Amino acid sequence: MPDFRIQFKVFEGPMDLLLFLVKKQEVDICEVNLTGLATQFIEYVELMKQLDLDQAGEFIVMASTMMYIKSRELLPVSEQVGDDDDGDDGDPRWDLIRRLVEFKRFKDASDDLQRLEIEREKVYTRRPGSIPIDPLPMGNRLEASILDLVGAVNELLQRVAGREAAKGEIVEDRWSISEKIVAIRERLGRVDQLKFSGLFDGVRSRGEVVATFLALLELIRLKQLMATQDDLFGEIEMFIAPVEMQQIKPEQPEPVTT
Amino acid sequence: MELKQILEAIVFSAQKPMSTGELRTLLRETPEKLPDEPQTGEYAKATVRAVEKALEELAVEHDAADRSYRLACVGGNWQFVTKPDFAPWLQVLVGAKPRPPKLSHPALETLAIIAYRQPITRSEMEQIRGVTVDGVVQTLVERELIEVCGEADAPGRPRLYGTTQFFLEHFGLKELDELPAADELRRIHVELATAPADDSQEELPLDNETDEADDDPNEADDEDDDDK
Amino acid sequence: MELKQILEAIVFSAQKPMSTGELRTLLRETPEKLPDEPQTGEYAKATVRAVEKALEELAVEHDAADRSYRLACVGGNWQFVTKPDFAPWLQVLVGAKPRPPKLSHPALETLAIIAYRQPITRSEMEQIRGVTVDGVVQTLVERELIEVCGEADAPGRPRLYGTTQFFLEHFGLKELDELPAADELRRIHVELATAPADDSQEELPLDNETDEADDDPNEADDEDDDDK
């Protein structure tokens, strides 16, 4: 007897109980022995009344339907299939079966929903804290800053490296910074000023680019050379600094004919 | 540059899921707002359909790439989501998801009825479930899973209920048609409504299936696992 | 499940870039915090080296996949970033510039000097730039691109400045050695100081050509476009 009490608490209504009873018969819903089902259902409801359980109202309504079905002493359901001339619609048997089928489907559907709910809980949506744009290459920032010069140099280096790779030859890296210092000074001796971009035009190897650039930086650092810009984004131009501004004279290597 | 790639980059970077409408608007507005980026003009006239198609293709590509994440459409909004296998680490990383308590069985059952038969009145729900649904319906409304979506053309003009956008999100569904067995369950409504006497024949073959579907929810889970 | 996939899912979902150390900690803590997920134990003992290797492999995979985003290590922290081509749309998406205003020209110059020559004093910067740098240095400190990193062993013990972690992030660098031509440029100081006149043996027939110097700065730009 106490198990019944437990069972009642689990059933969420008469449909739930009916479905449980159908399952106990272990047959297809449409093959279920309705009379037996009705008998069992009424027994349960009687028990509920004895146990004085709440929420029995819905069960009692259903119980009256079951009693009506029972009282008609129905034939087994299977024999009724296809025999729809006397209007299944009003037949409480069919009505009940249909409701049971429908109810079971929704019960299954609610299991599916529960499965989806559990699955969804394991899924995390990407929500980046900020918009992660790849940092732009430095060369795309302000023109004519030292960082941009560096960026430009880097591009040159890559281009030269690509050229070397394409040719399949490796240019021997013989350029030194001191040589380039001399070369830049010489060129600036011939022209008053020189544009930054012009410095690298004939340069052939990565080593040479680096040497040229470092020479330039060093000349600027030693104030032998001045870099100016007409405007913020203008091309950098270089010229020899007035002698009095020059601090150190680097040792001059042997000049070379050009 | 392809439309597909642009959409991917946007959905990838967005801090919230994006609808095709929002994506299209963004494509249209970008050249207007950034006249210095002429290359963006090319994509300004992409139709919603083209956007949708591109996203669907992307989702297929990502599924094929079989990474730890995929592109998903939930409730009409596109988002990148991780696959369930990695949930433990992400739970430790971002903390457990702030979710209200799981839905009870009666709530889930009622919700299933509403989801498949919407718009639906309270008494129609009760007819199927065989019990009153007042409390449950209120809970579902409070949880914003369902909402009143009209009035039935019946005595007393009872309210009609339907599921919300949040319902789709809560269950990770793209649209209502993605509900499991939606074609069967949602069609029944029509059949019953239009030809109530008709379905005694049709019911039988379907019943076999339904009945054999025992209540083991793990079966479906296993199948899911195979997909991973 | 592979370590690689787990790391991918984590970096993918994290709201901030993740260091290898943080990732390793997360791998170790997950089975401790979630004893119900025994499968996570397997990865608890992954070494920093293993994590790093996995991430590097992932980055290569993503590069090969050639999507609109890639896995990048910025300032030692791993994150997925979208490629620059898509910046216009993302800029409109957030409704603002994705970055603070660009650094001024003098600020960039000073920053470059500091980056390549750190640690460096203010007067050394001024020596190179030929103007005072007070305001600029202050701006750079406020923008957290540089910071005081010591005192010079000189009269008045002037402060030494160096770049910050944020500097690396701002410029998308993994480490200082990734500065363009960093190895050569950062070494120059030493070379010049120790052997300034060392290498006068040979001179350059190339200088002739260099002199012809056409000033077309667009050349580099064109090549840039080809890369895209």
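In what follows, chains are A, B, ... by sequence order, proteins preceding strands, each numbered from 1. Below, each value reflects all heavy atoms present in this structure, side chains not excepted, and no hydrogens, waters or symmetry copies. Remember, predicted model here, so these are calculated numbers, not experimental data.
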Exercise for review: Mind telling me whether B:Phe12 and C:Phe12 have parallel, tilted or perpendicular rings, with 30° and 60° as the class edges?
Suggested key: perpendicular

Check your understanding: Just how far is it from atom CZ of C:Arg67 to atom NZ of B:Lys4, taken to the nearest 0.5 Å?
Key -> 7.5 Å

Check your understanding: Ring centroid separation for B:Phe80 and C:Phe80, is it under 6.0 angstrom?
Key -> no

Point to revise | Exceeds 12 heavy-atom contacts within 6.0 angstrom, atom NZ of C:Lys16 | key: yes

Review point. Is the number of heavy atoms from other residues, nucleotides or ligands under 6.0 Å of B:Arg159 CZ greater than 12?
Key: no

Revision key, fill the gap. One should read off an interatomic distance between C:Thr82 OG1 and B:Gln5 CD, to the nearest 0.5 angstrom, of 12.0 Å

Exercise for review: Give a yes or no on whether B:Glu32 atom CD has more than 12 heavy-atom contacts from other residues, nucleotides or ligands under 6.0 Å away.
Suggested key: yes

Point to revise | Interatomic spacing from CE in B:Met18 to CG in C:Leu93 - rounded to 0.5 Å | key: 5.0 Å

Check your understanding: Rounded to the nearest 0.5 Å, how far apart are CG of C:Leu26 and CH2 of B:Trp89?
Key -> 9.5 Å

Check your understanding: So which residues of residues 53-63 of chain B are in contact with chain C at a heavy-atom cut-off of under 4.5 Å?
Key -> B:Leu58, B:Glu61, B:His62

Check your understanding: What residues, two or more places apart in sequence or in another chain, satisfy ring-ring contact (aromatic ring centres under 6.0 Å, His included) together with B:Tyr161?
Key -> none

Revision key, fill the gap. When rounded to the nearest 0.5 Å, the distance separating CG of C:Leu7 from CZ of B:Phe86 is 10.0 Å

Review point. Could you give the distance from CG (C:Leu90) to CD1 (B:Ile6), rounded to the nearest 0.5 Å?
Key: 10.0 Å

Review point. Relative to chain C, which segment of B:Glu8 carries a heavy atom at a distance below 4.5 Å: side chain, backbone, both, or neither?
Key: both

Point to revise | Nearest non-hydrogen partners of B:Pro88 and C:Thr40, listed with the distance | key: CB-CG2, 3.6 Å

Check your understanding: chain C heavy atoms under 4.5 Å from B:Leu34: which part of the residue, side chain, backbone, both or neither?
Key -> side chain

Study note, to complete from the structure: C:Ala9 and B:Ser68 have their tightest heavy-atom pair at N-OG, 3.3 Å

